[in-house]
Amino acid sequence: MTEGRAGFRLKVLAVLVAGMFAALSTRLWYLQVLAAERFRREAENNSVRLIEVPAPRGRILDRNRVPLVENRLSLVVTVNRQELGDDAESVLLRLSELLGIRVRVLAERLQDPRYYPYQPVPVAQDISKDAWFTIAEHPEEFPGVDVVETPVRRYPRGRLAAHVLGHVGPITAEQLDQERFRGYDRNDLVGQAGVEAVYERWLQGREGIVKYLVNAAGEPIRRLGERPPVPGDDVVLSLDLGVQRLVEQALSSGMEHARAILDPDTGRYLQADAGAAVVLDADTGEVVALASRPTFSPSIYQGGLTTEEAARLERPAAHQPLFNRATQGAYPPGSTFKPFVALAAVRQGIASLSGSYPCPPTFTVPGDESGTVFHNWSSSDYGYLSLASALVVSCDTVFYRFGYGFWQLLPPAVQGLTQVARPDQEVLQRELRRFGFGVAPRLDLPSVGSGLLPGGRWKFETFRDDWQRVDPFNRCIAYWCPGDYVNMSIGQGYTLVTPLQLATAYAAIANGGRLCQPHLGLRIERPLGGGRVEVVKRIRPRCRRIRGYTPEQFAYVRQALAQVPVSGTAASAFAGFPLDQVPVAGKTGTAEVPPHQDYSWFAAMVPADDPRYVIVVLVEQGGHGSTTAAPIVRSIIEGLYGLPSSGFVSGGVTD
């Protein structure tokens with residue numbers, strides 16, 4: 001019995017042992033045969049390291065393919081925070097002494113939240129080779145510190161066209177969530193302003209990858225292969241480097257000269273502390289030059305702005321150098337607005353090309369019991385003037401009447417101040433929108449201003465609370481009144497335009513009635529080597545005809561403005577200029593911006609008989625239009641046509 005049980009147990013044990021051997025054999029067969037390929041791949045992957053190779057960013061070129069932005073290699077110091085350990089303070093102190101950068105600045109850069117804890121963080125760039133060698137030769141003194149060669153942007157023209165070109169910077173967390181940045185990672189540099197931002201998808205190349213086989217210690221054994229980086233495409237702009245330099249020099253020089261002029265209205269020297277200039281191709285809308293003052297150097301963004309550097313740029317005394325006044329600054333246009341009001345008045349039958357109009361020194365709205373008197377810029381009575389002469393001498397009182405004429409076109413309930421006008425009922429605003437006012441031009445820059453073309457609805461929504469609080473009986477505080485059109489007719493009141501908007505509108509007068517979308521890009525090119533390029537994309541002009549106006553009407557206004565530098569408000573600024581060789585059509589503007597000194601405007605079309613260029617200059621606190629802006633435009637025209645420079649010829653006190 002006992003022997004029987006023992007035999008049974010031995011049999012069970014034998015079966016179990018046999019089963020275990022069978023399972024083990026099956027598992028070994030699976031590992032060695034069926035899963036061998038998968039484990040081989042996993043083992044290989046565990047011993048492979050991928051090294052990213054940055055791709056050169058595409059260049060930005062002027063219309064003649066002269067580089068405005070290109071690339072160069074920079075020695076960049078990176079710090080791995082995990083490898084610093086407890087010695088971070090002493091390592092940063094040694095780095096500070098070696099690089100000449102304050103410890104506080106290095107620490108601020110090291111805490112950049114855009115980098116993961118295990119990622120090396122760039123803290124300095126463009127270090128010397130001596131500093132590189134010191135770090136390489138003393139790794140025990142600089143744990144976690146490395147020096148890498150990195151392509152960075154180079155601006156061979158310095159500050160030139162800074163507001164147009166923009167800059168690159170580390171991608172932000174918000175950008176990483178956007179569809180257009182799909183495939184980017186936290187280490188990427190992307191365009192953050194200007195052309196760099198708008199044409200990011202073409203300028204950004206595709207990074208390369210080098211695959212290495214490494215041992216257990218992470219040391220490379222051999223190179224397994226690579227995917228070379230693909231450089232970004234080049235962007236060719238409509239800017240002309242020579243014209244851009246000319247415009248920037250003329251603007252800066254003119255503003256400097258203006259500061260030596262005594263302002264008769266305030267008894268102080270002109271501040272002339274900021275300004276802008278735009279040069280457009282009159283037929284296509286191509287931006288030939290665009291400048292804003294004060295300006296900055298795009299290279300300040302390389303390596304990232306410190307808090308201190310950002311504060312220095314933003315302090316009031318710096319006058320906002322990062323702000324692009326040419327495209328974003330909104331200003332009362334003053335008398336530069338009058339040609340468009342004149343055209344609108346002709347179209348609506350308020351004026352005619354053959355009519356004559358009184359130009360007394362004052363104007364009062366008919367039936368106005370408040371006694372408000374609107375003054376001409378001159379105290380003289382010019383008698384009756386043709387529409388052309390009213391533009392030449394810039395007679396305010398002629399245009400006041402036009403403004404009142406537009407008031408009379410409003411519905412009776414609106415005139416009775418019991419109803420707010422709808423936009424479609426405001427005829428003058430509707431006409432001005434045809435010229436692009438009140439609408440942001442579709443320029444290929446990230447932020448472009450729309451100015452302000454006010455109307456009844458805007459005024460009511462803006463000032464309704466003030467009306468009820470200040471004087472409920474004075475409905476003109478919140479309702480659109482005759483004085484609002486009177487002021488708008490001379491580019492004052494609440495009306496605001498950007499220099500780019502004004503230039504675009506004047507281009508329509510210059511080319512006979514086509515409103516062209518201003519643009520900076522001409523084409524995208526892909527270098528093929530050997531000086532050959534492939535055109536990836538062409539940016540073609542987009543123009544539309546302004547309906548309701550005839551070529552004869554535009555020609556009439558242009559011919560009238562051709563007399564402004566001859567015998568009108570810009571005559572003193574163009575004294576001695578060879579107008580017989582290069583005829584100039586232009587318009588001065590003096591915008592009142594209390595409590596500041598007057599802002600100086602001048603808009604020009606050159607040559608007047610067949611305009612190629614439209615030039616607009618604005619100088620904040622530059623006085624009258626003929627005082628500062630017109631002489632700057634004259635200097636630009638002299639440079640464009642190779643005429644002898646007359647220096648700075650300040651005009652007299654005119655509108």
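Taking CZ from R547 and CZ from R347, the interatomic distance works out to 9.0 Å, rounded to the nearest 0.5 Å. A distance of 7.0 Å separates CG of L391 from NZ of K587, quoted to the nearest 0.5 Å. Within the model, atoms CD of Q348 and CG of L428 stand 9.0 Å from one another, a figure rounded to the nearest 0.5 Å. Here L280 contributes atom CG and R612 contributes atom CZ; the two are 13.0 Å apart, rounded to the nearest 0.5 Å. Annotation: the span from L515 atom CG to R544 atom CZ amounts to 5.0 Å, rounded to 0.5 Å. Once rounded to the nearest 0.5 Å, the distance linking CG of L496 with CG of L453 reads 10.0 Å.
The two residues G191 and E200 make their nearest non-hydrogen contact at N-OE1, 2.8 Å. Across all non-hydrogen atoms, the minimal contact from A291 to L251 is CB-CD2, 4.2 Å. The minimum heavy-atom distance linking P607 with Y641 is given by the pair CD-OH, 3.2 Å. Considering all non-hydrogen atoms of both residues, Y506 and M605 come closest at O-SD, 3.7 Å. When every heavy atom of C395 is checked against every heavy atom of K338, the shortest pair comes out as C-NZ, 3.9 Å. Minimum interatomic distance between V365 and P482 (heavy atoms only, all atoms of both residues): CG1-CB, 3.8 Å.
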* To do: Report the C-alpha separation of R540 and T284 in whole Å, then their side-chain angles, then the decisive distance to 0.1 Å, and conclude whether the side-chain contact (heavy atoms from CB on, under 4.5 Å) test is met.
  => CA-CA 9 Å; R540 303 190 184 280; T284 64; over 6 Å; no
| request: For the pair E314 and Q320, evaluate side-chain hydrogen bond (donor to acceptor under 3.5 Å, both in side chains) and give the outcome as yes or no after the intermediate values. | output: CA-CA 6 Å; E314 294 170 2; Q320 298 177 289; over 6 Å; no
Practice task
Decide side-chain contact (heavy atoms from CB on, under 4.5 Å) for Y494 and T462; before the verdict, give the C-alpha distance in whole Å, the side-chain angles of both, and the deciding distance to 0.1 Å.
Solution key: CA-CA 11 Å; Y494 306 112; T462 303; over 6 Å; no
| request: Decide yes or no on side-chain contact (heavy atoms from CB on, under 4.5 Å) for V614 and V279, but give the supporting numbers first. | output: CA-CA 6 Å; V614 167; V279 179; over 6 Å; no
TODO: For S394 and S335, run side-chain contact (heavy atoms from CB on, under 4.5 Å): C-alpha distance rounded to whole Å, both residues' side-chain angles, the deciding distance at 0.1 Å, then the answer.
DONE: CA-CA 7 Å; S394 199; S335 293; 3.2 Å; yes
N/O donor to acceptor pairs below 3.5 angstrom from side-chain atoms of residues 558-566, sequence neighbours left out:
| residue | atom | partner | partner atom | Å |
| --- | --- | --- | --- | --- |
| R558 | NE | A608 | O | 3.4 |
| R558 | NH1 | I509 | O | 3.1 |

Show the atom names and distances, to 0.1 Å, of all donor-acceptor pairs under 3.5 Å that link a side chain in residues 400-416 to residues at least two apart or in another chain.
| residue | atom | partner | partner atom | Å |
| --- | --- | --- | --- | --- |
| Y400 | OH | H375 | O | 2.7 |
| Q415 | NE2 | Q408 | O | 3.1 |
| Q415 | NE2 | L410 | O | 2.8 |

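Between V398 and D396 the shortest side-chain heavy-atom distance does not fall below 4.5 Å. At a threshold of 4.5 Å between non-hydrogen side-chain atoms, the residues P358 and Y382 do not count as touching. By the 4.5 Å heavy-atom criterion applied to side chains, L343 and Q553 are counted as neighbours. The side-chain heavy atoms of Y331 and L618, taken from C-beta on, include a pair separated by under 4.5 Å. Within the 4.5 Å cutoff, the side chain of F296 has heavy atoms near those of the H163 side chain. Using a 4.5 Å heavy-atom cutoff, the side chains of V584 and F574 are in contact. Looking only at side-chain heavy atoms (C-beta outward), L203 and E196 come within less than 4.5 Å of each other. Using a 4.5 Å heavy-atom cutoff, the side chains of L500 and P518 are in contact.
When atom types are taken as modelled, the side chain of T397 and the backbone of F363 share no donor-acceptor pair closer than 3.5 angstrom. Not one N or O on the side chain of W202 forms a donor-acceptor pair closer than 3.5 Å with the backbone of I524. When atom types are taken as modelled, the side chain of T495 and the backbone of M488 share no donor-acceptor pair closer than 3.5 angstrom. Judged by distance alone, with hydrogens and angles left aside, the side-chain atoms of Q328 form no donor-acceptor pair with the main-chain N or O of G449 at under 3.5 Å. Under the 3.5 Å distance criterion, the side-chain polar atoms of D484 are left unmatched by any main-chain donor or acceptor of W480. Looking at S238, its side chain does come within 3.5 Å of a backbone N or O of L520 through a donor-acceptor pair. A distance-only check finds no donor-acceptor pair linking the side chain of R433 to the backbone of V439 [under 3.5 Å]. Formation of a donor-acceptor pair under 3.5 Å by the T327 side chain with backbone atoms of V448 is not found in this model. At distances below 3.5 Å, not a single donor-acceptor pair connects side-chain atoms of T588 with backbone N or O atoms of T569. A donor-acceptor pair is defined here as one N or O able to donate and one able to accept, closer than 3.5 Å; such a pair exists between the side chain of H519 and the backbone of Q517.
The number of heavy atoms from other shown groups lying within 6.0 Å of CZ (R475) is above 12. Within a 6.0 Å radius of CZ in R542, other residues, nucleotides and ligands contribute 12 heavy atoms or fewer.
Taking the ring centroids of Y357 and Y384, they lie at or beyond the 6.0 Å cut-off.
Taking the six-membered ring where tryptophan is involved, the planes of F437 and F435 are tilted, since the angle between them lies from 30° to 60°. Ring planes of W467 and Y479: perpendicular class, angle over 60° (limits at 30 and 60°). Ring geometry, W458 versus F463: the interplanar angle exceeds 60°, so the pair is classed perpendicular (tilted spans 30 to 60°).
Side chains of S600 and T628: a donor-acceptor N/O pair is absent below 3.5 angstrom, by distance only. Between the side chains of N376 and S378, not a single donor N or O lies within less than 3.5 Å of an accepting N or O. For the 3.5 Å distance criterion, the side chains of E592 and Y599 fail to qualify, holding no donor opposite an acceptor. For Q429 and Y485, the side-chain atoms include at least one donor-acceptor pair closer than 3.5 Å.
Between R634 and E638 there is a salt bridge, since at least one side-chain N of the basic residue sits less than 4.0 Å from a carboxylate O of the acidic one.
Within the structure, every pair that satisfies the salt bridge (Lys or Arg N to Asp or Glu O under 4.0 Å) test and touches residues 282-294, not counting sequence neighbours, is listed here: R63-E286, E248-R293, D283-R514.
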